[in-house]
Structure formats: structure tokens, C-alpha cells
> 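Dumping the structure here so I can ask a few things about it.
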Amino acid sequence: MREVVQTSLADRFKHFWKDFFHQWQLQLMAIPGIVYMFIFSFIPIYGITIAFKNYTVIDTMDSAQWVGLDNFKIILGDQYFWQSVVNTLGISALKLAFGFVLPIIIAVMIYELKDSVFKRVIQTISYLPHFLSWIILGGMIITWMSSNGMINGLLSLIGISSSTNHMLDVGKYWWVASLSDVWKEAGWGTILYLAAMSRIDPTYYEAAKMDGASRLRQVWSITIPMIKGIISLNFILAVSGLFNSNLDQTLVLMNSQNQPKSEVINSYVYRMGLMQGDFSYATAVGLGVSIISVLLLTLTNVITKKLNDNKSVL
């Protein structure tokens, strides 16, 4: 039995190297990516040990004193951290509610367009906000939301007089952050859906037309089921990222007035780690968020697998 196993492993090893050299051009192209991942993703994993130490700038990672789970105990009793958790989940939930469905709707609408020139124009317009940095986009939003900005101007056109600076209204920040992010990324999020739709066999639609199916029925019965794999994958990634908010957006839009609702986990870690120098605390927060994100990823994958006839998209 042992000889059979050894022979099998030897054959697999031989087959692996045969395929490797047969595709050496592709393997050579992959090497820089592997090296990059090893240097910037795997080697820094050792830094996680800081979460269990009392690390300061005068220490090395090896010389810092071990404190066990003390940093995590401090996190559990930190009210400002829990407020950032509430803000992160609130903003992420709104982004998920609007930002997950909207790209699918836009992709279907673009796919249904018959005029190829008009279709390319719409695609280009929808993509443009993605390429604007949050420095530029944030400045635009702050200007629009000011007391003399575009929003108040539009409200005055419909008979609503307002001189409020909406960026200073703490109760509106979640909506501003979530809807501005959806506006920025919705068009870019259609790329995968449109790519999947382009692979759908046109004969399905022709058969549906012969059966008298309307365009809406064709979308619901053909288009959506045919792209459910991409939908499931994006849903898994969106749910696993609920605790990972947009730091660039937060740093641009946050001010002293809306901070109680704009402080998210990433900005809190940034302040505690880089601005206040509490690297151990910040690392402990980041480690905890990463563990929860992995659990959400696993749970969502199990759920979507059940909905896809026990076929995983990961």
C-alpha cells in the first residue's frame, strides 16, 4: 500500500513539473505576483504578535514585553471603539443595501440597450466617478452640501428653503457616506455582470420570445439566473467586508461636528496607531476585525452554497 501511495505522489510531482515547464511563459508572468504577495502579505504576518505585546517605538518586535490578551480586554471596554463599530456597520449596511443591487440593475439596463454607441457612452459615464480620488470627490461633496451649495439650491427650486450645511449635520452623515460611495462605485461594479451577460447564449432569448415572454420575464428567468454565480461571489465579498470601511472617504468627509457618526473602525485604528502611537492596540483591533471578516466570509459562502445547489463560488 505504501509503494502505491509513493508511486502516486511521484507521478503527481512529475506531472506537475511537466505542466510547469510546458507553460513556462505563463508561470514566468505569475512569479512577480507571487513574490509581491510573499513580501507584502505573508512576511508582515509576523507583525500580528504586536497585538499581544506592549510595543513602543523604542522596542523591536522581539524585545517588546508580552502582555497576552490585555490589549483585547482594553478594546472590550473602550466605548469609542464600540461607537466606531456601530458607525461602520451602519454605513456598511446602507452601502450593501443600495450598492449591491444597483450595479446589477444598471448592468441589466445597459445590456438591454440596442444602440451600441449609446451603450458605450452610458458605460463610460457610469465608470467615470470610480476614477476620481476621494480628495477630488470629497471636495465636490463638501461644496455641494454647504449652506450655499447645490443641494440647498435644488431644495429651493421645489419650494424648500434651507441654509443648512449638511456636512455638519451629524444625523445625515451615514446617508452622505453610503450614497456617495454607491454613486462612485456603482458603474464600476457593472463590469463583472456585463462580462457574465456577454457569455449568455442568445438562443435562450430567442426561444423565450417564441414562447411569448416579455423583456422583463426574460431578464428575470434567463439573465439573472445565468449570472447568479457572479452575484453570489460579489455578495460574499460585500458581506465579508462589512467591517472594512473606506478610510480615504472618512478622512476627507469627517469633521469635528460629524465625528460621532463618521468615526469608523479604520479611521479609529489610524488615529490610535499612527497618530497616538499605540501600535499594539491598533494591531489588536485590526486582528479582531480580520478574524470576524473571515468568519463572515465563511458563513456567507455556506449560505450562498445552499442557494446554488451546493456549489461553492469560491
Side-chain angles (χ1 to χ4, degrees), residues 34-96 170 173-174 177-178 181 235-254 256 258-305 312 314:
I34 296 174
V35 173
Y36 177 89
M37 183 178 296
F38 179 77
I39 295 175
F40 294 100
S41 297
F42 287 95
I43 294 179
I45 290 177
Y46 178 71
I48 293 176
T49 57
I50 296 176
F52 305 94
K53 294 184 175 183
N54 183 21
Y55 178 81
T56 63
V57 292
I58 62 174
D59 294 318
T60 65
M61 285 191 290
D62 292 328
S63 65
Q65 180 184 2
W66 286 94
V67 294
L69 299 177
D70 287 355
N71 291 317
F72 296 92
K73 294 177 182 178
I74 296 174
I75 293 174
L76 295 177
D78 188 347
Q79 61 175 338
Y80 297 106
F81 166 74
W82 288 110
Q83 182 60 48
S84 71
V85 171
V86 172
N87 293 336
T88 301
L89 291 178
I91 296 172
S92 296
L94 290 174
K95 289 181 181 179
L96 180 63
V170 67
Y173 180 82
W174 285 8
S178 58
D181 187 82
F235 181 70
I236 292 172
L237 296 177
V239 172
S240 64
L242 284 176
F243 284 86
N244 293 317
S245 52
N246 193 324
L247 178 61
D248 294 340
Q249 179 193 36
T250 302
L251 294 180
V252 171
L253 299 182
M254 184 169 60
S256 58
N258 63 30
Q259 186 171 357
K261 289 293 185 180
S262 61
E263 184 80 275
V264 293
I265 295 176
N266 285 349
S267 63
Y268 187 68
V269 170
Y270 169 78
R271 288 198 305 107
M272 295 297 294
L274 294 181
M275 299 182 67
Q276 298 186 21
D278 196 344
F279 300 107
S280 295
Y281 184 91
T283 304
V285 173
L287 177 59
V289 170
S290 298
I291 293 174
I292 294 175
S293 297
V294 171
L295 293 177
L296 288 175
L297 176 67
T298 305
L299 178 62
T300 312
N301 182 48
V302 171
I303 295 174
T304 55
K305 185 177 180 181
S312 177
L314 293 180

> May I have the step-by-step check of side chain to side chain contact (heavy atoms under 4.5 Å, CB included) for V252 and D248, ending in yes or no?
CA-CA 6 Å; V252 171; D248 294 340; 5.6 Å; no

> Keeping S267 on the side-chain end and E263 on the backbone end, is there a donor-acceptor pair under 3.5 Å?
no

> Describe, in one word, how the ring planes of Y281 and Y268 are oriented to each other, choosing from parallel (under 30°), tilted (30 to 60°) and perpendicular (over 60°).
perpendicular

> Compare every heavy atom of N71 with every heavy atom of A51, then report the nearest pair and how far apart it is.
O-ND2, 2.8 Å

> Quick one: closest heavy-atom pair of V285 and I265, and the distance?
CG1-CG2, 3.9 Å

> So how far is it from N87 CG to S245 OG, rounded to the nearest 0.5 Å?
9.0 Å

> Ignoring hydrogens, what is the shortest heavy-atom contact between F243 and S293? Give both atom names and the distance.
CB-OG, 4.4 Å

> Got a second to check how far R271's CZ is from M254's CE, nearest 0.5 Å?
6.5 Å

> Kindly indicate whether the side chain of L297, heavy atoms from C-beta on, has any atom under 4.5 Å from the side chain of N301.
no

> Considering all heavy atoms of both residues, which atom of S84 and which atom of T88 are nearest to each other, and what is their separation?
O-OG1, 2.7 Å

> Find the distance between CG (D70) and CG (N54) and round it off to the nearest 0.5 Å.
9.0 Å

> To the nearest 0.5 Å, tell me how far I91 CD1 sits from D181 CG.
9.5 Å

> Could you report the tightest heavy-atom contact between G273 and F279, atom names first, then the distance?
O-CE2, 3.2 Å

> Count the heavy atoms of every other residue, nucleotide or ligand shown that sit under 6.0 Å from OH of Y270, and state whether that count exceeds 12.
no

> Is the side chain of S92 donor-acceptor paired with the backbone N or O of L89 at a distance under 3.5 Å, no angle test?
no

> Please test L287 against F72 for side chain to side chain contact (heavy atoms under 4.5 Å, CB included), starting from the C-alpha separation and ending with a verdict.
CA-CA 10 Å; L287 177 59; F72 296 92; 3.9 Å; yes

> With no hydrogens and no angle check, is any side-chain donor or acceptor of W82 less than 3.5 Å from a backbone partner on L76?
yes

> Kindly determine whether F52 and L69 satisfy side chain to side chain contact (heavy atoms under 4.5 Å, CB included), including the steps that lead there.
CA-CA 6 Å; F52 305 94; L69 299 177; 3.9 Å; yes

> Using the side-chain contact (heavy atoms from CB on, under 4.5 Å) definition, which of the options V294, L296, V289 pairs with I292?
L296

> For A64, what residues pass the side-chain contact (heavy atoms from CB on, under 4.5 Å) criterion, not counting sequence neighbours?
K53, Y55, D59

> Search all heavy atoms of P260 against all heavy atoms of V170 and return the closest pair with its distance.
CB-CG2, 4.3 Å

